[in-house]
Structure formats: C-alpha cells, structure tokens
Amino acid sequence: MNRRELLKSGLLAGIGGILTGSAPAYLNSKTSNGKYKNIIFYAYDGLTWEDIGTTRIYKRRHSEEPVHFERLMKEGVSGSMDSSALTSIVTDSAAATTAWATGRKIVSGALSMYPDDRKLDTILHLAKNKGMATGVISTTRVTHATPAGWYAQIDWRREEETIAGQLLDFAPDVIIGGGNSRFDPSLRSDGEDYYAKFADAGYTVIKDADRLEANNADKVMGIFSDGHIPYAIDRKFQGVEGPTLKEMTRAGLEALEGSDQGFVVQIEAGRVDHANHANDPGGALYELLEADETLGYLLDFVDQNPDTLLLMASDHGTGSGAVYGVGERYRASSRMFDKINRHRASFDFMLDQMDENTSVSEIREIVENGTGYRMKTEQGELMSKALAGEFVMPDAQSHARQPRNTLAHCLIAGTYDEPETLNMGYVSGQHLAGPVPAALYGNHHKSGTLGMIDNTDLYYFMTEALGIDHKNPEMKAEDAMQYFEH
Ligand code: ZN
Ligand code: MG
Ligand code: ZN
C-alpha cells in the first residue's frame, strides 16, 4: 500500500467518529431546528469591513440614506467570520465557498473535494435529495468558483468546461449569471453545444436580459455575457449592457418561490473581489452599491416570506481599499467622496481603450473621462511605460498587477496632506487573512450576535434550519499537506 492509500484508509477509519459528532456547541442557542422552508445564501466575494465603511459613508453623503447592510447588522444576527482554508490562513474563493457548502475546510483551488479525491456533499446536493428546488445566481461566470463549489466536485476550479458539465449533471432549477464562453459551441474547446444540452434537459435558455423579466419557466438558464457580467460602473455610465444583480435575483426568486418543498439558492455579488484585486476604488464602489441594493431587496423578500432564512457572508477580504485620515485634524478626510463621485469607468474599461501605441495625451484624456482626474504629464508617461510592458511599479509596492497597479498608483494618493487624488490605501492586490462580515436574518434570527464564527459554521446553520442532519468526512491539514511539495 502506498502512502496515498495508507492516508486514505487511515482517514476513512476516522470518519465514524466525526459523523456522530454535532455542530459546534456555541451554535446551539442560535440554531433553528428545521423551522425554515427556504434558504437564501447571499455571498459577497472579496468584501472587507473597510468596503462597508466606504459604501456607507458614500451613500449617506450622496443620498442621505443608510446602506441596507446597516439594517442587516441591526435587525439580524450578525458578527465576524474567520475565513481561513485548510492549509492556509488566506483562502481562495473555492475553498471558502466549499466551507459554507459542506461544513469542511479544504485546500484552496479545489471545489468540494479533498486532495485524496474524496468528494464532499454540498448543501445543494442535500437540498435536492430532500426534493427542494435549488439555484445559483452570480455576477461572475456561473462556472466560477463561488457558485461552482455548491454543485461541482473537482480538484481544480479552473477546469470550467468540465464544471459546466457538472452543472448540467446537477441541474439546479435556476442558473443565472455570466459565462457564455463555457456553454457556446463556438467558444468551447470541444465545440460541444451546451445550450442544446440544457434545453434538452428541460431548461428555458435566455440570453437577452429583457426576457428574464417576463420569464415564468420552472427551469431557467440565463447567461448574459461571455465572461463575467460587466462591472456595474460601466453598465451605469458607459452604456455597457448587462442585467443588474437585483434583476437577476428577482427573476431567480420568482422561479424558485413556487417550489412546494422550498428552495436553497446561492446569490453572489462576485465582482467586488475583482475590482479589489485591481485596486480600483470606483469599480469597487459601484459593485458595492449594487450589491447593497440587492441586499435591501433580499431583506424585504424575507420580511414577506417569513419561512425564509437569509445568510450573508463575505468569503474573504481582497485588497483592501481603506479610507485614511488627511488634513489638519483629519477634517479633509471626507472630501475624497466628492472625487470618487466623479469616477465613471472601471480600470478595465479605461485600460481596454489603451495599448502601447496610445499617446500620453490620449492616456490622460481617457483617465480624465473615466475618473474626473487630470493626470500630470509624468503620470501619463508612467502609464505609457506600463502599457509598453516596462517595469514601472513593482507589484509589491503598488499592489495590483501591471498595468493596473500603475493606474492605481496615479489615482491613489498615499500622503497625509489633503491630496488631489483619493486618500485611500491598499494593502495588496491579493486576498487577505482578516475576519469578514457574516449575518443571518429571518423570523427566528433577529437582533442578536454571532460573535466570531468560522466559515464552516454557516453550513450548520443551513442544515439545521432545514432539519438536515449530515456531516461530511474531515481531513486534517497535515494529511492534506502531504499531497503538496511545500
Ligand atoms: Zn473570493
Ligand atoms: Mg466568487
Ligand atoms: Zn479573488
């Protein structure tokens, strides 16, 4: 028997004890023992507490209204969540979504599967076995990690064409988001027509967002972009087409709420993460505002459907953009909100209009149109070099990757006198280790505290809310480490 087999049998021998265990004792006072019919899990990808701070200050300044997130914190059961993965203190989205879906930590990069190939049952599998309706709705490709971890079991998240096949096999009732490139025969590497396969499986396939509204089919597949759904800021100001998360959410819930046996759906605000990776403050802000609008819709939905439990969590922080104090007695700190209010395009939208042949004056014009900030000539020259592939800002210094990091460097100040640009700082262009927000909201979950929970705990809140008793096998970090060289 080789080491892999030994490890496998050794671990299998341990499962019995784990299966008879129960959810962490501190959850007992907060569980609901089968009192809910429906579960809505609202996932933010890459959201930090600082993002919430920025969004609420912006919204109060510009509309005098609080963010819906404040209502969730006040009226729901809320707290902080540890986001770690099995073999790393910083998680990727795949291990993070698996923790929610299965109650187990795994190695980053995989979806609901251990490195010894053991598959984990997800909350969507368990719900389906119970006869419930299921769904995934996301602003990313529907085959991207966060939704995929709830229906697919695979060692490597990047194999999205295979994941599309697992989506077809699992067949949730509602599939809404981006990702045409994984289903369209002219874009798939194998030339297979996955839309035809989904249609054969009983789906109404929709590619025009206007038709989403009028749809009343039971099994819906709505795919609205080749890749991710375009950034909210570009849809709002640049005429880029695509549905809002709230529109996709409403259509999905209308299809699901007819289920007699109830439903479990994951809804993802997936692109906060992408804007934060890019250190793009305007891009992130409009993703956050759209996500918050969707959260308000979900809170209202739960009020009208009291047999529904809403869970909200971020999978990990990314970035993270934080507003810092500037000026005498910090009094100039808030003026950056007037500057960020002039942002009209994502970094990606601006960079798509530039290449190594774009002149410095054109670069300055594109950035001014996109952000309201007139770059200095030297900054335009830096951008020109970055676009030509020259090493301008090291990734570790300005955090995001080239050439976005140079753009971020030009638009974000880093001084404590009041700057012309934004008084925002980024720690990194990567995921972060710190705790993230989590909350529950429902008839049996009102005005309380979660304290500090683990990402795996959310699985137990869901299973207990639905009266499901199921534990997945466990794997120890040191055993998982043996499958990797470092
Ligand atoms: Zn993530
Ligand atoms: Mg995601
Ligand atoms: Zn990320």
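Owing to the predicted nature of the structure, the values given are computational and were not obtained by experimental measurement.
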Item to complete: Step through it carefully: locate the ring centre of Tyr42, locate the ring centre of Tyr44, and say whether they are under 6.0 Å apart.
Response: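 Yes, the ring of Tyr42 comes within the 6.0 Å limit of the ring of Tyr44, centre to centre.
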When you check the side-chain N and O atoms of [X] and [Y], is any donor under 3.5 Å from an acceptor?
| X | Y | result |
| --- | --- | --- |
| Ser320 | Glu50 | no |
| Ser83 | Asn455 | no |
| Asn405 | Asn279 | no |
| Asp45 | Ser93 | yes |
| Asn341 | Tyr58 | yes |

Discussion item. As an exercise, state the distance from NE2 of His274 to OH of Tyr231, rounded to the nearest 0.5 Å.
Written reply: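 If I round to the nearest 0.5 Å, the distance is 6.5 Å.
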Worksheet item: Say you draw a straight line from CG of Leu466 to CG of Leu309; how long is it, rounded to the nearest 0.5 Å?
Response: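 Here the rounded value is 8.0 Å.
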Item to complete: Enumerate the residue pairs fulfilling salt bridge (charged side-chain N to carboxylate O under 4.0 Å, His left out) with a member in residues 302-315, sequence neighbours excluded, ordered by first and then second residue.
Response: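 Found Arg71-Asp303.
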Please determine whether a side-chain nitrogen of the Lys or Arg among [X] and [Y] lies less than 4.0 Å from a carboxylate oxygen of the Asp or Glu.
| X | Y | answer |
| --- | --- | --- |
| Lys376 | Glu420 | yes |
| Glu160 | Arg141 | yes |
| Asp292 | Lys59 | yes |
| Glu287 | Arg271 | no |

Item to complete: Please name all residues satisfying salt bridge (Lys or Arg N to Asp or Glu O under 4.0 Å) with Glu70, sequence neighbours left out, ordered by chain then number.
Response: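 Counting only residues at least two positions away or on another chain, Glu70 forms a salt bridge (Lys or Arg N to Asp or Glu O under 4.0 Å) with Arg56, Arg60.
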Worksheet entry | Contacts of Glu418 that satisfy salt bridge (Lys or Arg N to Asp or Glu O under 4.0 Å) - sequence neighbours left out |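 Salt bridge (Lys or Arg N to Asp or Glu O under 4.0 Å) list for Glu418, sorted by chain: Arg335, Lys339.
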Worksheet entry | Ring-face cation of Lys236 near Tyr286 (centre distance under 6.0 Å, axis angle within 45°) |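 Pair Lys236/Tyr286 does not count as cation-pi.
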Worksheet item: Minimum heavy-atom separation for Met350 to Gly370, with atom names?
Response: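 Looking at all heavy atoms of both residues, the shortest contact is SD-CA, 3.8 Å.
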